[in-house]
Amino acid sequence: MALVLVLLLSWMAHTMATPPAASAPGDVLIGGLFPIHAGAIAPAKYQTSDFSQPQPAVCLDLNKARVSEALVMIQAVEEANRSPALARLGITLGYHIHDSCSDVSTALRASKDFTEGVSSTGGGAGNSSDGGCRASANGSVCTQSVVAVVGASFSELSIALARLLTLELIPQISYSSTATILSDKLRFPAFLRTVPNDMYQTRAMAKLLSDNHWNWVGVITMDGDYGRSALDSFASEAAQKGICLAFKEILPESVNDPNVESSIRQAVQSIRSNSKAKVIVSFAKAEYMRQVFEELQDGPAEDRVWIASDSWSTNGNELAHIDFSTVGKVVGFTFKSGNVAPFQQYIRELKREEYMSEDTNMPFLREFYQGVDPDEATDILLNNTASDSVFSIQMAVSAVTQAIVDLCAKPKNCKTPGAIKPWQLLGPLKRATFKMEGKNYSFDSRGDVNLGYDISIWRTNKESIGTFDVVAEYHPANNTITPTSRATRSHLSLLKDVVSKCSNSCEPGEMKKSVEGQHTCCYECINCTADHYSNDTDADQCLSCNASVEWAPVRSTSCRLKTLELLDWADGFAIVLLTLAALGVIVALVICVLFLWQRNTPVVRAAGGPLCQIILLSLIGSYVSVVFFVGHPSSLKCKIRQVLFGLSFTLCVSCILVKSLKILLAFHFNPSLQEALRRLYKPYAIVMACMAVQVLVCIVWLVLRSPTPLRQPFDATSILLECHEGSYVAFSIMLAYIAVLALVCFAFAFKGRKLPESYNEAKFITFGMIIYLISWVIFIPVYVTTKGKYLPAVEMVVILISNYGILCCHFLPKCYVILFKKEHNTKDAFLRNVYEYSQRSTGSLVGSASLGKEEEKTTGQLFSISRLSIYLPSESTDTVSTGTTLSQSTRGQSPRPRLKRTFSI
């Protein structure tokens with residue numbers, strides 16, 4: 001079907017050829033196609049349904065802005081003919097320039113001239129063996145073919161023309177057609193252009209929108225290949241940047257379409273109804289935009305931003321009458337431009353009278369000069385000169401010139417008409433490197449010259465309407481937009497005042513929640529939940545924190561490190577407990593020194609002698625264990641603290657147990673039982689046996705499931721650092737074993753609580769064990785129910801209470817006697833105390849009964865105080881039998897019985 005259409009269009013073009021708008025002879029001809037007129041309408045016969053004979057369309061509205069484009073090509077060809085490269089070859093370039101009238105059918109009619117030559121009267125073309133021009137009845141006929149075509153302007157025209165020129169592989173170089181489809185070399189192998197394709201323009205537009213945070217925009221485009229392709233490309237690029245299209249309005253391709261007015265009204269209605277879409281991207285023609293702006297001027301003023309594509313970004317004069325204070329700002333994307341001064345000088349040197357004759361080689365200039373005042377003609381041409389178009393057209397002519405030079409540099413007679421075939425020039429043209437203003441340029445693999453874009457902002461003051469300032473450059477290689485100078489940054493900053501969004505931006509700490517069925521750009525903002533955060537504007541989702549070490553409150557912009565909960569060295573409670581522990585160590589050391597100094601006194605010897613030093617050292621170890629409950633828990637700390645306390649306190653209680661047992665054996669067992677127990681009683685062996693059990697428990701505990709440091713969430717904002725005891729069974733057994741020893745101690749001490757006052761350690765041991773047992777009984781429920789960093793402090797308190805209980809009850813009374821009651825720390829005082837205790841315990845034997853045999857029995861009874869119970873200083877030996885005769889006579893009373901006791905010392 002496409003082939004049939006191409007053949008039909010080709011037939012129409014060949015049977016309806018029109019004369020060129022400008023021509024000049026040369027050894028090599030270059031074709032040109034420019035929209036010198038703004039439109040074309042069907043001839044009158046078609047309007048009356050008379051299709052008996054094909055007729056060319058009637059071109060209307062001379063396009064003053066495009067007249068200068070044809071002049072650019074003419075000036076470029078003349079400049080090329082003066083170049084040294086062509087002069088060396090002796091070759092001159094000629095041209096045939098046609099008017100496309102911005103119409104596809106009219107452009108196709110010009111293709112006959114590009115393939116076979118053209119008749120000035122519109123008659124059929126003859127063939128000549130020499131390829132030159134000759135006179136005929138129908139006028140001057142030229143049979144010389146063009147080797148390349150510069151044009152067309154609009155993509156729709158270039159696509160149609162390219163399909164025909166591709167049949168003969170005639171190179172076509174467009175200076176402003178940007179449709180992406182034309183980069184397809186399989187379908188358009190002979191098409192090239194001196195501008196980027198629309199893919200880069202739409203990418204640059206999306207970049208500009210994204211940089212200014214505009215994500216809710218409208219689009220106006222035209223029907224046809226160019227408009228549809230540009231819309232699809234822009235929609236794809238916008239979607240990648242998170243930009244949504246509020247509306248898409250497609251206008252007819254031809255400005256003469258009868259539906260243009262209704263389409264314009266529909267577009268204006270969409271613009272007004274989408275009040276949040278403050279930015280509108282337009283790929284339409286300048287003529288369409290003029291009508292759109294005229295409609296919008298009748299409504300309320302709006303601060304909009306119009307993104308102009310290259311199709312109308314330089315046509316400011318077309319819109320010079322628009323009041324942009326009610327319409328908004330225009331930001332245009334234009335092709336790269338060069339130095340236009342030579343061309344402007346060429347315009348000024350044009351002489352109107354040379355082009356007013358009927359046989360002028362530039363009929364379009366005659367029409368132009370006829371429609372304007374002679375004094376204004378030059379100004380009109382200069383004001384309607386687009387610098388980017390001048391540069392692109394000059395580049396196209398320069399590329400063809402260089403390709404001809406490269407081709408003709410070989411031994412070849414290029415002056416002969418027809419010597420250069422179009423398809424022979426196509427290869428050198430694609431490979432050509434041509435110079436413009438000191439820079440080298442060439443076509444890429446797609447046949448494009450991609451130099452990026454200039455971004456301009458139109459001036460809106462009345463004195464300079466229609467002009468613009470280039471404020472930034474788009475670099476396609478890295479997809480960046482950079483200001484051209486510091487001065488232009490202020491122009492770009494003005495654009496940031498415009499807000500074009502469907503929904504207000506979500507702040508950091510919030511996330512977007514789209515409503516089902518709506519655009520993703522239309523959403524509501526919801527707060528990030530706990531332990532989630534967002535630190536960007538318009539975040540699509542909240543990121544989760546690392547729950548093991550981080551947390552975040554509701555609507556957070558970042559995660560916060562969880563605080564470490566532990567009993568720190570700087571904690572006030574820890575300082576108090578550590579101070580008490582240090583004080584306990586000092587007191588124990590002082591007592592240890594004191595007892596060592598007074599080791600031979602009755603009080604120290606009666607208190608246990610060397611066992612006291614062991615007890616005091618064990619208490620010091622227990623105090624030291626408190627230190628390991630404070631600070632950052634480590635594996636070593638966790639293992640040491642419980643084991644050190646367990647072994648230290650077990651040693652302490654074991655020694656006290658031995659002392660309790662010793663006193664009880666001395667005073668509360670009959671002599672026969674005493675003798676048997678005395679053989680079994682080995683103090684240090686008993687202590688070692690008691691310790692062995694606890695050591696075994698601790699070894700098994702450490703080997704199988706030892707305490708380890710543990711990090712676990714305490715609450716939403718903190719991590720608890722603590723020691724996990726590993727096996728709470730082993731921990732319980734260790735404490736239970738100490739409790740069993742303490743209970744035995746308590747039982748022995750309670751039984752001997754009525755011993756002589758000087759020997760009455762049992763009373764204090766009882767108090768010490770009661771304090772220990774009560775504190776640890778209270779410890780169990782408190783320890784189980786307490787959570788947090790003060791859990792170690794609970795055990796620290798109990799340890800300190802237990803230590804101070806023993807220290808105060810067991811040693812401080814003796815220190816008091818040693819230091820302040822020295823008269824009680826003598827051998828006589830101890831013997832007196834023992835006697836008084838013995839007198840009380842044997843009082844039942846003294847009475848009013850006769851002494852007779854009873855006295856003999858009583859006198860013969862032996863009371864022995866074992867060496868296990870007291871240690872008294874002796875002069876020569878540790879064991880002395882002392883016979884003490886105690887007598888008391890009172891006037892009128894019979895004497896008491898004589899009691900003889902043996903003290904084993």
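Only a predicted model underlies this, so the values are computations on that prediction, with no experimental measurement involved. Hydrogens, waters and symmetry mates play no part in the numbers below; they use all other heavy atoms, side chains included.
- No side-chain heavy atom of Thr708 sits under 4.5 Å from any side-chain heavy atom of Cys638.
- With hydrogens and angles ignored, the 3.5 Å screen pairs a side-chain donor or acceptor of Lys562 with a backbone N or O of Ala547.
- Around atom CD of Gln541, no more than 12 heavy atoms belonging to other residues, nucleotides or ligands sit under 6.0 Å away.
- What you find for Met796 and Val626 is that their closest heavy atoms are CE-CG1, 3.3 Å.
- Atoms CG and OG1, from Leu721 and Thr563 in turn, are 9.5 Å apart once rounded to the nearest 0.5 Å.
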For the pair Phe333 and Ile307, evaluate side-chain contact (heavy atoms from CB on, under 4.5 Å) and give the outcome as yes or no after the intermediate values.
-> CA-CA 8 Å; Phe333 281 79; Ile307 307 297; 3.7 Å; yes

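- Taking CH2 of Trp216 as the start and NE2 of His519 as the end, the distance is 4.0 Å to the nearest 0.5 Å.
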Stepwise side-chain contact (heavy atoms from CB on, under 4.5 Å) check, Arg265 with Gln269 = CA-CA 6 Å; Arg265 287 194 296 270; Gln269 177 61 32; over 6 Å; no

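- Distance alone, capped at 3.5 Å, places no donor-acceptor pair between the Asn212 side chain and the Trp214 backbone.
- Here the side chain of Ser273 pairs a donor or acceptor atom with the backbone of Ser270 at under 3.5 angstrom.
- Rounded to the nearest 0.5 Å, atoms CG (Leu231) and OH (Tyr226) are 11.0 Å apart.
- Although no hydrogens or angles enter the test, the distance criterion places a donor-acceptor pair under 3.5 Å between the side chain of Trp701 and the main chain of Glu725.
- For the 3.5 Å distance criterion, the side chains of Tyr474 and Asn479 qualify, holding a donor opposite an acceptor.
- Atom-to-atom distance recorded for Met199:CE and Asp232:CG is 14.5 Å, nearest 0.5 angstrom.
- By the 4.0 Å N-to-carboxylate-O rule, Asp211 lies close enough to Lys207 to be salt-bridged with it.
- With no hydrogens or angles considered, no side-chain donor-acceptor pair links Glu237 and Thr202 at under 3.5 Å.
- No side-chain donor-acceptor contact under 3.5 Å links Asp536 to the backbone of Ala539.
- In this structure the side chain of Ile806 never reaches within 4.5 angstrom of the side chain of Ser802, judged on heavy atoms.
- Rounding to the nearest 0.5 Å places CZ of Arg193 at 5.0 Å from CG of Leu182.
- Nearest heavy-atom pair, Met511 versus Asp540, reported as atom, atom and distance to 0.1 Å: CE-O, 3.6 Å.
- When the shell of 6.0 Å around NZ of Lys248 is examined, it contains 12 or fewer heavy atoms from other residues, nucleotides or ligands.
- Thr314 contributes no side-chain N or O that, together with a main-chain N or O of Asp310, makes up a donor-acceptor pair within less than 3.5 Å.
- Put simply, the side chain of Tyr453 does not reach to within 4.5 Å of the side chain of Ser313, judged on heavy atoms.
- Side chains of Leu807 and Asn803 form no contact here, defined as non-hydrogen atoms less than 4.5 Å apart.
- The backbone N or O of Phe649 lies less than 3.5 Å from no partner atom in the side chain of Ser618, so there is not a single donor-acceptor pair.
- The side-chain heavy atoms of Ile271 and Arg304, taken from C-beta on, include a pair separated by under 4.5 Å.
- Of the possible polar contacts, one joining the Arg705 side chain to the Gly726 backbone as a donor-acceptor pair under 3.5 Å is found.
- The pair Lys336-Asp388 does not count as a salt bridge, with every side-chain nitrogen at least 4.0 angstrom from each carboxylate oxygen.
- By the side-chain contact (heavy atoms from CB on, under 4.5 Å) test, Val327 is found to be paired with Phe293, Gln297, Trp306, Ile322, Phe324, residues two or more places apart in sequence or in another chain being considered.
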Go through Cys502 and Cys244 one step at a time and tell me if the disulfide (SG to SG under 2.5 Å) criterion holds.
-> CA-CA 9 Å; Cys502 180; Cys244 301; over 6 Å; no

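- Summarising the local packing, CG of Asn546 is surrounded by more than 12 heavy atoms from other residues, nucleotides or ligands at distances under 6.0 Å.
- Lys512 has no carboxylate O lying under 4.0 Å from a charged side-chain N of Asp538, or vice versa, which leaves the two without a salt bridge.
- Using the six-membered ring where Trp is involved, His724 and Tyr728 have ring planes that are perpendicular, over 60° apart on the 30 and 60° scheme.
- Here CG of Leu720 is found 9.5 Å from NZ of Lys787. Values are rounded to the nearest 0.5 Å.
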Residue pair Val217, Leu245: steps toward the side-chain contact (heavy atoms from CB on, under 4.5 Å) verdict = CA-CA 5 Å; Val217 301; Leu245 306 186; 3.9 Å; yes

Step by step, would you call Tyr804 with Tyr623 a ring pair (Phe, Tyr, Trp, His ring centres under 6.0 Å)?
-> CA-CA 10 Å; Tyr804 273 106; Tyr623 278 122; 5.4 Å; yes

Gln694/Val697 under side-chain contact (heavy atoms from CB on, under 4.5 Å): CA gap, chis, key distance, verdict = CA-CA 5 Å; Gln694 190 70 290; Val697 170; 3.8 Å; yes

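- We find that Arg272 and Glu302 are not joined by a salt bridge, their nearest charged nitrogen and carboxylate oxygen being 4.0 Å or further apart.
- With hydrogens and angles ignored, the 3.5 Å screen pairs no side-chain donor or acceptor of Ser210 with any backbone N or O of Ala206.
- In this structure, the side chains of Val549 and Arg711 come closer than 4.5 Å at one or more pairs of heavy atoms.
- Judged purely by distance below 3.5 Å, without hydrogens or angles, the side chains of Ser183 and Asn197 pair a donor atom with an acceptor atom.
- Across all their heavy atoms, Gly646 and Ile738 have their closest contact at O-CD1, 3.8 Å.
- A donor-acceptor pair under 3.5 Å is absent between the side-chain atoms of Ser503 and the main chain of Glu524, judged by distance alone.
- The aromatic rings of Tyr783 and Phe731 sit tilted relative to each other, their planes meeting at an angle between 30° and 60°.
- A ring-ring contact (aromatic ring centres under 6.0 Å, His included) check over residues 522-560, counting only residues at least two apart or in different chains, returns nothing.
- Within the 4.5 Å cutoff, side-chain heavy atoms of Gln642 are placed close to those of Phe629.
- Between Pro508 and Thr537, the closest heavy-atom pair is CD-OG1, 4.2 Å.
- The shortest heavy-atom contact between Asp198 and Ser233 is O-OG, 4.0 Å.
- Inter-residue side-chain proximity for Ser282 and Tyr288 is flagged as unmet; no heavy-atom pair is nearer than 4.5 Å.
- Among all heavy-atom pairs drawn from Leu566 and Lys789, the shortest one is O-CD, 3.4 Å.
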